[in-house]
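What follows is a single structure, written as structure tokens, with notes after it.
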Amino acid sequence: MHQSLRLLGIGGIGIIRMSGKECFTVLDRIFTPKKPQSHEEIKGYSMKYGVIQEKGQVIDEVLVSYFKEPKSYTTENMCEINSHGGNVIVRKILELCLQNGAELAEPGEFTKRAFLNGRIDLLQAESVIDVIHAKSEREAKTSIKQLEGALSDKIHEIKQEIMDVMINLEVVIDYPEYEIEEITKQEIENMLQSVEKKLKRLEKTFDEGKIIKEGIKTAIIGRPNAGKSSLLNAILQEERAIVTEYEGTTRDTIEEFVTIAGIPLKLIDTAGIHEAKDEVEKIGIQKAKQIADEADLVIAIFDSTRELSDEDRQILAMIKERPSIIVLNKTDLPAKIDETTKELQYFSSSLLKISALNQWGLDALYSKIEEMFHLEEINLDQDVVVTNLRHKKLISKAIQKVEEAKKTIEQNMPIDICSIFIKEILEDLAKITGEFVTEDIIQEIFSQFCLGK
Ligand code: GDP
């Protein structure tokens, strides 16, 4: 039998999901509804109350949701048993399903079926993973949009344009005796130009998408007692902050992902800040430089109650050429330095005054970041954003081939050569939506899924 079945986490309720032609038959063997009804009578998108039984003994009271083909997540018959949560009961029901004809689902099996059955394309399937793993609201929004098919539509639109180029090429190839070649060549060039422009726009959104997905890599640097920990804590304590901690990728560090006022920040080396109190002295300016090198944004913090020290000057010299914000801290106390200080004048447009202790000036800091990274311009309601590296690579490949194709026209090469490139562009784009992928790629993509999805 081809039922696929999974258990979804442990919580207040447990959900066991079955999909496949015979899933209602399996259900019948273990579920006794309060008001019995035949499968034919039961409507899709409905729920029934009853008990799961084993040899006449009640295992749990449950609610079962019914979905009838083709109107379900997988397009197959589906049911979801909502039981009481907790390992024991959910496991028991799962076992009963298995004993009565169901098979255990692989990770991503349900979404894979939705893809194989043609309800969603590969790109949409991949966005399901992104929705699940979204670390911020903005990221979740982008992924949901992809799931709804916004990027797929865009890719199809571009593919259609390329098909038109193809048709034009065929005419030239098939009827060389007509003197249409010259005009058509011009037309083909224009069409390729338009395709290239659209693909490049999509490619560019990847960098913006990357910010949404991965956060702006931010390093807070400053000499001992400037207020690094205090600033960090102020950011993390902010009510709207959603914090996820995970191992840093490049060194032995903890990175914290924070979304604050819609701004996704990945704070790097925050462990270092927590531990090494006298950071700059201890780790040296060289190491601070390394941290800053890794960052998309450096927040350099200075104690405004003290004159600038040599280390401060070194830090200033170091950040001159990189995206940075200067923060003068402890402005609740009388200041010894401000924007008029000689060494700081150069930075006047990126200088802010705050009090980390009193949490003053943080909003200005967030606005500054928003402005620097053009976050306000990333309009998720209008723009289709590419967030997946696999898609981005295929788009970049397609762009290269558009350029090659254009070259063949410019250099008056035989038109068949151009058509070879055009075919390859179509293939690259078809790989994004999954019309043209190998079993291996499908396998690899779905293996990233969690169980039950
Ligand atoms: P770090 O060594 O750079 O991490 O600095 P800390 O965050 O540990 O701060 C050093 C000292 O300065 C602590 O005693 C903080 O309470 C104090 N401090 C930090 N920010 C402020 C501020 O805005 N105003 C005042 N008055 N003190 C602050």
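FYI, the numbering just counts along the sequence from 1. Ligands are counted one by one from 1 in listed order, and the atoms in each one are counted from 1 as well. These numbers were taken from a predicted model, which means no experiment stands behind them.
Interatomic distance, CD1 of Ile81 versus CG of Leu96, reported as 9.0 Å (0.5 Å rounding). Residue Ile354 holds its CD1 atom at 10.0 Å from CG of Asp332, rounded to the nearest 0.5 Å. Separation of atoms CG (Asp303) and CG (Leu308) is listed at 10.0 Å; rounding is to 0.5 Å. Once rounded to the nearest 0.5 Å, the distance linking CG of Leu202 with CD1 of Ile432 reads 8.0 Å. Residue Leu351 holds its CG atom at 6.5 Å from CD of Glu339, rounded to the nearest 0.5 Å.
In the vicinity of Ser355, heavy-atom distances shorter than 4.0 Å reach the ligand 1 atoms 22 (C), 23 (O), 24 (N). Ligand 1 places these atoms under 4.0 Å from at least one heavy atom of Asp332: 22 (C), 23 (O), 24 (N), 25 (C), 26 (N). Near Gly227, meaning under 4.0 Å from one of its heavy atoms, ligand 1 places the atoms 1 (P), 3 (O), 5 (O), 6 (P), 7 (O), 9 (O). Close contacts between ligand 1 and Leu333 involve ligand atoms 26 (N) [criterion: under 4.0 Å to a heavy atom]. For ligand 1, the atoms closer than 4.0 angstrom to any heavy atom of Ser230 are 6 (P), 7 (O), 9 (O), 15 (C), 19 (C), 20 (N).
Taking each of Gln359, Lys330, Lys228 in turn, the one with a heavy atom nearest to atom 3 (O) of ligand 1 proves to be Lys228.
Checked against a 3.5 angstrom limit, the closest N/O atoms of Asn358 and ligand 1 fall outside it. Between Ala356 and ligand 1, at least one N/O pair is under 3.5 Å apart. For ligand 1, the polar-atom distance check finds an N/O of Asn225 within less than 3.5 Å of one of the ligand's N/O atoms.
Annotation for Met18 and Cys97: closest pair CE-SG, 4.1 Å, computed over non-hydrogen atoms.
Contacts between Asn329 and ligand 1 below 4.0 angstrom, taking non-hydrogen atoms only, involve the side chain exclusively. Contacts between Leu357 and ligand 1, counted as non-hydrogen atom pairs separated by less than 4.0 Å, involve both the backbone and the side chain.
The shell of residues lying under 4.0 angstrom from ligand 1, judged by heavy atoms, includes Ala226.
A donor and an acceptor atom, one from each side chain of Thr75 and Asn117, are located under 3.5 Å apart.
With Arg17 as reference, Glu80 is the one residue of Glu109, Glu76, Glu80 to meet the salt bridge (Lys or Arg N to Asp or Glu O under 4.0 Å) rule.
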